[in-house]
Structures are given as structure tokens and as C-alpha cells.
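Note sheet for the following structure.
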Amino acid sequence: MAAESAADRPDRGGQYRRLARQMGSHMGSRSGMALVGLWLLALALAARQAAVVLRMPQEDRLVDLFAWIGDNGVLRVHGSLYDGDTPFTGTPFAGLVLKPLVHSAERGLGVAWTFGTMLLVAAVGVVAARALPEPVSSRTARFAVPVALSLLVISVPVRNTFHLGQTSILPVLLVLAGWLLKGDRRQAGGVLIGVAGALQPATLLFVPLLWLTGRRPAALAGAGTFLACTLATWVAMPSDSWMYWIHHLAGAGLGDPADATANQSLHGALLRVGLRGPGEVALLLVLVVAVGVLAVRRAVRYARDGQPLLAAAIAGCAAVAVSPTAWQHQQLWVLLAVVGRVGRRSGDRLMWPVFVVMVMTLDGSALVPKVAAFGVLGGNAVLLAALLAACAIPFLTRTSPVWDSPVPSGPLSRPNLMLELLLIRVGYWAYSYVRGHAPDSRSLAEGHGDQILRLESFLHIDMEHSLNKLAVRTGWLRDFADFYYTTFHFLVPIALLAWLYVRKAPQYRTARTALSFATLLGLVGFWLYPLAPPRLMPGLGYIDTAHGPQDLSNPDFGALTQLSNQYAAMPSLHVGWSLWCALIIFKMTKNWWLRALGALYPALTTFVVMATANHYLLDAAGGVLVVAAGFLGQRLLARTREGEPQEAAPEAGPPASAAVAGPEGGKPGKPEEAGKPEGPGKTGEPVEADEPVEVPAGGVSRAASDLSSSGPPRSGDRRPPARRE
């Protein structure tokens, strides 16, 4: 025995040392560092959100909560919940639950409520991350929770909930917890869903979902719990119950007007397009029934497929659409639809999660151009996303052959067009936002203008005034310069990008990445070095030919400077983008006429921006520098990607044509033998549970797609194919 013990000790020590080395390798790898970074990001975002709320004055934070429980709040005074200047907007049952809080309505309640809401949000994130379809890959298991928490905290519903002090996170958590309970606890899950329905009636859509998925005792428990809570409240508060359920039609007439943009329900959308009266009610009932039935059927399908979180998201999105009112704090269900997996190609997989994240974190106007025809889409973006998730998007099932093995896109393929358009639009919105909010101190910008003029004078390159005078006294030159300045800056780069996308997909990826880096560096310049262009330098005699005269005695410089920050002159992106166009043309063609036009474009742009008094020559030099840095950044990024460890691909088989034609030109083989995967999980690639993984390129938005990246159930081990000798 002593000999065995002595022999056993080294083995145990070796096991501990191997375990320690594995843990150290994980934390020391880039994967471990990325994981730590994601957790720090999630904590920082949560802390920032709590700080934003708690730093607000008492009258500006938790406005709904304190309006209800204040000295004259409807939850404190004796009377109806739904009368007064700030009526209660929840169900009578919610008012009954919140009434005990009026006895503790002191200053400390705001802090407790904020951190309590934060805990509810964290619980939703953890429950959602743990509900991904099994088996979950090691990468998804590590990154799912911090990514989910980060997305929740930055979403509009959660931010709105923190600001208003609403209770809308609680029904979501109750429904998720009740829906995901398994085994003998399923009936208790029905009770949780019933309580959630008493707080937020639209969530009763989960009761038929329980019934149709074979959980009939839970469905009966949910319906019974809702009726018990509602009837008990009706007995305790008959007048308020009548006001809510009958007079206000389940809350439709409470709070802000139902046609407000914040109400992203079908009822709100119909009111916004001008429908009123019995016709609107009849159409609404038809749409509600159609959306509800279709969404529940789809949710049943994905629940049976082993995707319970996606099924819950589909039913929740339908609840948002069919509810009489779906205010911003009630729209969290749409964000959960990010777990749906869409697309046969790997390059298409990011389209849906990126769209959902942008819809749920940005204003609708950021997603569409400022054109009247697109205004309806921007104003109903959340409703559109909810309807797409509930009724239209063809989410993949786990039995699909491309579930875990999508058709590779590769660096030479054409990117997803919708994703590119969405990113370009949001990128331009961010560009306009940053430019508009960069420091715009007049004295600082004019001081920098004096610095630029003195430096140019020292270098004997101060030609702006001469060119501006030449354009002013030459009519045709002035008209040409003004037209050129206001037209070609966007037209030429967009046309060139479109041509590259259609004809030269690999070069398109390179070109758009370099342009993105250059534009980002331009924004940094606008922020760090606000500069008044020549036309806004008082007393120097410059004439703004493109925008018209500006009243320099007015601190706001008239209507023009109220639209955007006019002190974003360094660097000149007019010159930078035109140089980018010239470089792309030189790379894409050997035609000397086209190359000559490409070389002329940045030179002519430099002349125009100075002749119209919009930039200095040094601004043009700054544009050249940011474009050079943009191409350098693109090359560094490409080298980084080339240096990343690539997944081992299975050995290439015979060409698809040969497989279909059959061996040796005989009878055609089976179609599935022509390169089609054998089934879910059979890709011929071994998976090690403890191998280091990298966070997906693209940060949180890219990593959001990993919330849906768990593979289908696999039978047996995944083994590499036998190699032919």
C-alpha cells in the first residue's frame, strides 16, 4: 500500500501541473486575453449605465417610478391608478405589486432600484446564454455570457428601462425562466409565465406555445395563474381593472399617444399611416391573428428542433407586434432574436445579427438615408425587425446540412450586399455624428487657422486667397467649382465602390477597408484639431462660393453652421477620398486614359476645395496622409489575418462534376456525394474542448453571432478523414 501511495503521488502531481499549464495557456493566449477584455467591457458598460442614471437629478431619473410613488403619485394617493397627469401604464396587478414600495419611497430607493434592475438584466443575459442549443462549442461557451450582457446593456430597451424605472425586464426574465424549465419543474414554469402575463398581457402568447409543444399541464398552469392574478386584482381594485381592461383596451390608451414613434406595435404603425376608426380596428384584428398564428407555428417548429431560445424570441417578437402598445422598454424580445442562424454561406451569417443589434441600439434614422421614401422604414425599424423574426426570416434548423458547415465564402467571394449597404449607411451616420459633435469652439478653431496660415506663409505655399479670388471673378470657373464641390465628393467614390463590388469582389474588400480606415483617421483629426476653413476666418477676405455668404459677426454663423460642425477641415476628406479613387483606378486598369483621369481627379479636387475657400493646402496634405495610413492599416490587417491559425480543412475530394458523373465516366453518382456534407457535425474536423480560440473579428457585433453558433447534436466523435497514401 505504501508503495502504491508513493507511486500515485507523482501522477497526481503531474495531473495538477498539466491542469495548471492548460489554465495558464488559456489565460495567456489571445483567446484568454480577449475573454478578459469582453468581461471588462461588459462590466464597464454596466457601470457606465448605472452611473448615468444615478448622476441625473432626482427629477430626471426613474421618472415613471417616482411619478407613481411620489407624494402625489397614483400608487400613493387613494384613487384610480389611471387618472391624473401621470397615470399608471401597467396592469392593475402590476400596480398592486408595486404599491408596497410607496412606504419606502425615499432617496435610497433610486439606488436600490437601479442595481436591482441591473441584476435582472444580468440574469436575463445569463439565462439566454445558457439556453443555446446543445452541444455548445468551447468558444461559444466562453464568450456567450459577456457578449450577451454587453448587448443587453447597450440596447435601447434596457437603457430606456433604466431611465424610466419601468418593470419590463421582469416579465422577460419570468417567461424565459418558465419556458426553459425542464422535467418535473415544467408546471412551475407555467406559473411563472402566468405571472408574467399578469404583468405584461402580450406574453400570454407563450401559453398556446406551451400547449402545442406538448407541455399541456404547464399551459393550463400558466392560463390559470394569469386568471387568478387578474381576478384577484379585479376583486381588490374593481374600478382600476375596469379602466384598464375595458375603457383603455388593455392599456392602449395610457401613457403617450399610441401613434408615437416609440410605440413599435402594429396598432401604432397603422395609426401613424393615418388609419383610424373601425377600419383600423378590423385590419388590426386580422393582422394580429395572422401574425400570432404564424409566429406560434414557427416557434413550435424551432422548439422541437432543439432551439428553445430562438422559439422564445420568435414568440416574444410576435408579442411586441400584436400588443396594443409596445413602448421602447417592452421591446427586449427583438434583441433575443439575434440567436437565429440565417444563410447558407459563411459570409451571410453576420447579416441578421448585425441588423438586429443595430436596430436595437441605434435610432431608426441611423439605418436609412434621410430621404422621405425611407422615413417609414426608419420610423418602424423595430417593428419591421420583430415581424421579420416572427414571420419571415428562414432561420436554419439543426438538421440543415449547412447548420454547422456553411458554404465557405472566402476572401475572394463577393460580400453580402445587404450587410455592406447597412454597414456603409451606419458608418456614414457615425461619421456625420462624430463630425457634428467634434469640438467646435470658435476661438480654438480660428487660432488653429492662424497657425495653418502662418506655417503656409513660412513655406511659401499660401495660395488659397489667390485661387479664391480667381474663382470669384471668373463666372464659369466659379460655377464649375461649386458644382464639382457639391457633387463629386460622394458620387465618384460610391460609383467606384459599386463597380468594384460587381466586377472585382476581392479588390472591393481591400479598397473599402482602406477607405474605412482613412475616414476613421479623418474623424480623429476633426476631433483633435478643430480648424476653421478659410471661408470662416474673419477679416481675411475669403468668399464662400459654394455655400453663400456667412455672417461672421453672428456666433452661430447663420443656418449653415447649425446643421453640422463647420470646423472639421483638417484633414480634407474631399482630397483624401479623391486620392483613394485615383489609387484604385491605377490598380484596376492599365488604360492610360482612365489613369490620366484618375490622376487628374485628386489634383482638380485640391484646386476646387481651395478655390471655394473650404480648405487650406495643408488640409489637402492631411487628406493624403490619412489615405496612405488607411492603405497601411488595411495591409497590416490582412497580414494579421494571414498569420492567424486556420482551421484544418478536410482533404479535397474529386471535383463536383466528376462526383456527379460517377467514377470513370460511368453512371452518375448520388448528388450528395458531390461535395455535400454527410450531415450535421460531420465535417471531418476534430474538436478539442480545451484548445485556445480567438474572439471573432469585428468585436462585439461579430461575437454576437456566436450566440447562435452552437452546433447540432452529433453522434460519435468528429474524426478527420482517412488520408490516401
Pair Met418-Asp348, side chain to side chain contact (heavy atoms under 4.5 Å, CB included): steps then yes or no: CA-CA 9 Å; Met418 293 301 298; Asp348 299 332; over 6 Å; no
Pair Glu280-Leu271, side chain to side chain contact (heavy atoms under 4.5 Å, CB included): steps then yes or no: CA-CA 8 Å; Glu280 187 268 336; Leu271 293 177; 4.2 Å; yes
Worked check of side-chain hydrogen bond (donor to acceptor under 3.5 Å, both in side chains) between Ser155 and Thr361: CA-CA 5 Å; Ser155 67; Thr361 56; over 6 Å; no
Side chain to side chain contact (heavy atoms under 4.5 Å, CB included) between Val293 and Val289, worked out: CA-CA 6 Å; Val293 171; Val289 172; 4.2 Å; yes
Glu420/Arg512 under side chain to side chain contact (heavy atoms under 4.5 Å, CB included): CA gap, chis, key distance, verdict: CA-CA 10 Å; Glu420 291 294 303; Arg512 70 98 148 87; 3.0 Å; yes
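Between Leu497 and Tyr501, the closest side-chain pair of non-hydrogen atoms is not below 4.5 Å. A 4.5 Å side-chain heavy-atom check between Leu132 and Leu309 finds at least one atom pair inside the cut-off. The closest side-chain heavy-atom distance from Arg301 to Ile314 is not below 4.5 Å. Under the 4.5 Å side-chain criterion, counting only non-hydrogen atoms from C-beta, Asp64 is not in contact with Phe88. No side-chain heavy atom of Pro92 sits under 4.5 Å from any side-chain heavy atom of Met243. Looking only at side-chain heavy atoms (C-beta outward), Met358 and Leu423 come within less than 4.5 Å of each other. Counting heavy atoms from C-beta on, the side chains of Phe226 and Thr230 come closer than 4.5 Å. Contact check for Ser400 versus Thr397: side-chain heavy atoms found under the 4.5 Å cut-off.
Annotation: cation-pi pair Arg414/Tyr508 absent, no NZ/CZ under 6.0 Å from the ring centroid and within 45° of its normal.
Taking Thr519 as the reference, Trp577 meet the side-chain hydrogen bond (donor to acceptor under 3.5 Å, both in side chains) condition, with sequence neighbours excluded. Take Trp352 and apply the ring-ring contact (aromatic ring centres under 6.0 Å, His included) test, not counting sequence neighbours, and it matches Phe355, Phe395.
Here the CZ atom belonging to Arg298 is positioned 13.0 Å from the CG atom belonging to Leu209, to the nearest 0.5 angstrom. A distance of 12.0 Å separates OG1 in Thr261 from CG in Leu383, rounded to the nearest 0.5 Å. Atoms CG and OG, on Asn263 and Ser323 in that order, are 7.5 Å from each other to the nearest 0.5 Å. Annotation: the span from His163 atom NE2 to Gln49 atom CD amounts to 10.5 Å, rounded to 0.5 Å. Going from atom NE2 of His267 over to atom CG of Asp259 covers 8.5 Å, rounded to the nearest 0.5 Å. Distance check: Thr167 OG1 to Leu120 CG gives 9.5 Å after rounding to the nearest 0.5 Å.
Nearest heavy atom pair, residue Val382 against residue Gln264, reads N-OE1, 3.4 Å. Taking both residues in full, the closest heavy atoms of Asn380 and Arg272 are given as OD1-NH2, 2.6 Å, listed atom of the first, atom of the second, then distance. Contact record, Ala46 with Met118: O-CE, 3.1 Å, taken as the closest heavy-atom pair. When all heavy atoms of Ala303 and Thr213 are compared, the pair lying nearest together is CB-CG2, 4.0 Å. Of all heavy-atom pairs between Leu367 and Arg425, the closest is O-CG, 3.3 Å. Residues Trp327 and Pro257 share a closest heavy-atom pair of CH2-O, 3.4 Å.
Surrounding CH2 of Trp242 are at most 12 heavy atoms belonging to other residues, nucleotides or ligands under 6.0 Å away.
Proximity of a side-chain donor or acceptor of Thr225 to a complementary backbone N or O of Val195 within less than 3.5 Å is not detected. Side chain of Trp403 to backbone of Leu396: no donor-acceptor contact under 3.5 angstrom is found. A donor-acceptor pair under 3.5 Å links the side-chain atoms of Gln331 to the main chain of Ala262, judged by distance alone. With Ser346 contributing its side chain and Ser409 its backbone, the two residues share a donor-acceptor pair below 3.5 Å. Using a distance-only test at 3.5 Å, with no hydrogens or angles considered, no donor-acceptor pair links the side chain of Arg159 to the main chain of Val153.
Side chains of Thr233 and Ser241: no donor on one and acceptor on the other come within 3.5 Å.
Residues Tyr428 and Phe490 bring their aromatic ring centres within 6.0 Å.
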Identify every side-chain donor-acceptor pair in residues 199-206 under 3.5 Å, counting partners at least two apart or on other chains, and give the distances.
{"from": "Thr203", "atom 1": "OG1", "to": "Ala196", "atom 2": "O", "distance (Å)": "3.4"}
{"from": "Thr203", "atom 1": "OG1", "to": "Gly197", "atom 2": "N", "distance (Å)": "3.4"}
{"from": "Thr203", "atom 1": "OG1", "to": "Gln200", "atom 2": "O", "distance (Å)": "2.7"}

